[in-house]
Amino acid sequence: MAAAAHDRLVIAVDGPAAAGKGTLARRLASHLGLAYLDTGRIYRAVARLVLDAGSAPDDEQAAVAAAEALRPQDLERADLRDEATGEAASVVAGIPAVRTALLAFQRRFAEAPPEGAVGAVLDGRDIGTVVCPCATVKLYVTASPEERARRRHKELREAGVESIYSRVLADLIARDERDSGRSVAPLRPAADAVVLDTTSLNAEDAFQEALRHVEVRLRQRS
Ligand code: C5P
């Protein structure tokens, strides 16, 4: 049975690309027994559908049609993580009607998490500001662009993908600008978010720090 609204724990994890929010959000969800939704995959899946149809990601009509036709299995595709898809995702994500079409699905996940979970962790760019403004805990995970580029570059190399650090850094900065500069749901910390700068934290330290904030919030609530 789904948890009552007042018991439900919703954790919003926002931040720029490659700041470590996915790893952190997944770990929080698993530790606390919560459902997890990577909302970036939703935008990536829409971008993939647009590209597969031979359209450009800034083609509003094609992007809105893809967002409206999105099925749960589209989020399971194995080809959503590459850089070209991320880039195209940030273009479709700047179209207001695309965001509107995807809002209900994300809110439903937070309000009635699958498999009767007592709550959910959602990561993205606008979870604390737009999707779940009443989230129990809001974390804004960030790191310097150079550190994020270093991590992404290492990840790509380890996956056997050719990568040039300066290119990765330039692409990240361009993506940050697009995500922060758009008129609808721009990337920014919610006024009541805890900012977690992971520039000099490893994944374990970031997790412990985040967990400490969640526990403080839960104590305040009980
Ligand atoms: O987090 P990820 O890199 O997978 O997200 C891909 C793109 O999707 C982001 O650059 C951003 O433009 C968009 N996005 C968004 N809002 C979210 C999640 C992702 O605009 N909640």
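Quick note: residue numbers are just sequence positions, from 1. Atoms within each ligand, like the ligands themselves, are counted from 1 in listed order.
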Counting heavy atoms not belonging to Arg167, are there more than 12 under 6.0 Å from its CZ?
no

Does any donor atom in the side chain of Arg77 or Thr85 lie under 3.5 Å from an acceptor atom in the other side chain?
no

Output for ligand 1, non-hydrogen cut-off under 4.0 Å, lists Lys21, Thr39, Gly40, Tyr43, Arg44, Arg81, Ala89, Ser90, Ala93, Arg99, Gly124, Arg125, Asp126, Arg175, Asp179, Arg182

Can you establish whether the number of heavy atoms outside Glu162 located under 6.0 Å from its atom CD is more than 12?
no

Can a donor-acceptor pair be found between the side chains of Ser90 and Arg175 at a distance below 3.5 Å?
no

Do Asp126 and Arg182 sit within salt-bridge range, that is, some charged N less than 4.0 Å from a carboxylate O?
no

In a table with atom names and distances, give each donor-acceptor pair under 3.5 Å that connects a side chain of residues 205-215 to protein atoms at least two apart or in another chain.
from	atom 1	to	atom 2	distance (Å)
Gln208	NE2	Glu204	OE2	2.8
Glu209	OE2	Arg212	NH2	3.3

